[in-house]
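Structure below; questions to follow.
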Amino acid sequence: YQEKIKKASQLIKNSTYAVAFTGAGISTESGIPDFRSPGGLWQRFRIVTYQEFIYDRQAREEFWRMKKELIHQLINAKPNNAHIALAELEKLGIIKHVITQNIDGLHQMAGSNSVIELHGNQRGAICLDCEKLYEMDEVLQMLAEQELDLRCYDCGGIIKPTVVFFGEPMPEKELIMAQQIANQCDLMLVIGTSLQVEPAASIPRIAHKRGAKLIFINKAETDWDWIAEIVFYGSAGQVLKDILSETKNAT
Ligand code: NAD
Ligand code: ZN
């Protein structure tokens, strides 16, 4: 293990444009369940797609029931060692951007400044009719006082969280930025993602095709482990903490 940490830190120091690509697994140590691990959200809830959310009132109620149960976990979560190590690597001038599939805002809370959110964020909600934006506080209030099919105070339209649903296109600006970064980086740390959600999962593949080196950190194997230079199977918090201290020691 220590040899791999040394090798990873070497790759990091030799890089000129290192970036991170993260998924739900980086936040499990903050108490937020991921989708596919044992005990993950998929074993407990059905995923409501964008189309269902728009056209099916029951699906909306189902979604908000899940949200109501999970929201306090989400808003009370704190960054863990993995988020903190990435923020510190950015301050050292090593990591240039964090591209994330997460919606929890923990990278920003840890102090990362350049964060690209591919799947939106859970900071608020939007009315699908008049596009009025609601802050998290207001959504919490709506959840407390309204029926589960939340409606806009102004126009009665459907309220949808500002997260990207399955079946919903990704925000174009963020996707293009992520693709550009993947084209230019020479090292990508891929952390806590099963790489099963497209097109997000194409980002590490682009980096690989362009000759960047990849370091994977996951609990379980992925279908794409073979494109990585180094693969860690373990806790993202522990591995990144070790990589960070090795990198600091050696400089
Ligand atoms: P996923 O659930 O498909 O995969 C999680 C990956 O993280 C797995 O490979 C697992 O082995 C690994 N993992 C779990 N705990 C880990 C740990 N402590 N250390 C290292 N690795 C760990 O997640 P995904 O690929 O990100 O896809 C899920 C989608 O769901 C994403 O698009 C994301 O938008 C969304 N989501 C986000 C959050 C969040 O914001 N925290 C939580 C759940 C789901
Ligand atoms: Zn409205």
Side-chain angles (χ1 to χ4, degrees), residues 19-37 39-42 44-45 47-48 50 63 66-67 69-90 95-126 136 139 160-171 173-175 177-179 181-182 188-204 207 214-220 222 224 235-240:
V19 301
F21 178 76
T22 68
I26 198 171
S27 296
T28 53
E29 290 167 61
S30 295
I32 304 173
D34 63 7
F35 273 171
R36 292 175 183 81
S37 290
L41 294 177
W42 275 12
R44 294 169 49 215
F45 298 100
I47 299 300
V48 172
Y50 183 61
F63 172 85
M66 167 185 85
K67 199 76 183 168
E69 193 184 316
L70 297 176
I71 201 155
H72 289 282
Q73 210 172 14
L74 260 175
I75 51 185
N76 293 325
K78 299 274 174 298
N80 65 53
N81 283 335
H83 302 103
I84 293 166
L86 289 183
E88 204 160 324
L89 286 168
E90 184 187 285
I95 295 256
K96 306 292 192 277
H97 311 280
V98 176
I99 303 165
T100 188
Q101 304 168 79
N102 294 344
I103 53 156
D104 54 37
L106 292 180
H107 286 300
Q108 293 91 329
M109 211 188 286
S112 286
N113 286 312
S114 180
V115 180
I116 293 140
E117 294 176 317
L118 290 179
H119 293 162
N121 62 69
Q122 51 104 30
R123 286 185 285 280
I126 185 167
M136 180 51 67
V139 177
K160 185 187 121 3
T162 51
V163 301
V164 178
F165 279 50
F166 280 94
E168 183 178 358
M170 275 216 255
K173 194 180 109 213
E174 278 76 9
L175 183 57
M177 256 160 48
Q179 285 165 341
I181 291 166
M188 184 178 278
L189 303 171
V190 177
I191 308 155
T193 172
S194 63
L195 299 177
Q196 289 184 37
V197 185
E198 297 291 345
S202 66
I203 300 299
L214 287 92
I215 300 173
F216 277 28
I217 309 172
N218 274 306
K219 282 251 154 105
T222 77
W224 293 95
S235 138
Q238 189 60 50
V239 173
L240 281 170

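Quick caveat: nothing in here was measured; it's all calculated off a predicted structure.
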Does any non-hydrogen side-chain atom of L74 lie less than 4.5 Å from one of K67? yes
With side chain to side chain contact (heavy atoms under 4.5 Å, CB included) as the test, pick out the partner of F21 among I26, L189, V98, L118. L118
How about N113 and E90: do any of their side-chain heavy atoms sit closer than 4.5 Å? yes
Whether the side chain of E29 engages the backbone of N80 through a donor-acceptor N/O pair (distance < 3.5 Å, no angle test) should be reported. no
Using modelled atom types only, decide if a donor and an acceptor are shared between the side chain of S235 and the backbone of Q238 within a distance under 3.5 Å. yes
Show your working on side chain to side chain contact (heavy atoms under 4.5 Å, CB included) between V197 and F166 and close with a plain yes or no. CA-CA 9 Å; V197 185; F166 280 94; 4.2 Å; yes
Check step by step if side chain to side chain contact (heavy atoms under 4.5 Å, CB included) holds for K219 and T28. CA-CA 11 Å; K219 282 251 154 105; T28 53; 5.5 Å; no
Looking at N102 and G23, would you say the former's side chain and the latter's main chain have a donor-acceptor pair under 3.5 Å? yes
So Q122 and I75, do their side chains get closer than 4.5 Å, heavy atoms only? yes
Report yes if the side chains of E117 and P171 come closer than 4.5 Å at any heavy-atom pair, otherwise no. no
Could you check whether any side-chain heavy atom of F165 comes within less than 4.5 Å of a side-chain heavy atom of I47, counting everything from C-beta outward? no
Determine, stepwise, if the pair Q179 / I203 fulfils side chain to side chain contact (heavy atoms under 4.5 Å, CB included). CA-CA 6 Å; Q179 285 165 341; I203 300 299; 3.9 Å; yes
Side chain to side chain contact (heavy atoms under 4.5 Å, CB included) between H107 and H83: does it pass, once the steps are laid out? CA-CA 5 Å; H107 286 300; H83 302 103; 3.7 Å; yes
Between the CE atom in M109 and the CD1 atom in I84, the distance rounded to the nearest 0.5 Å is 11.0 Å
Check: I191 and L86 side chains under 4.5 Å, non-hydrogen atoms: yes
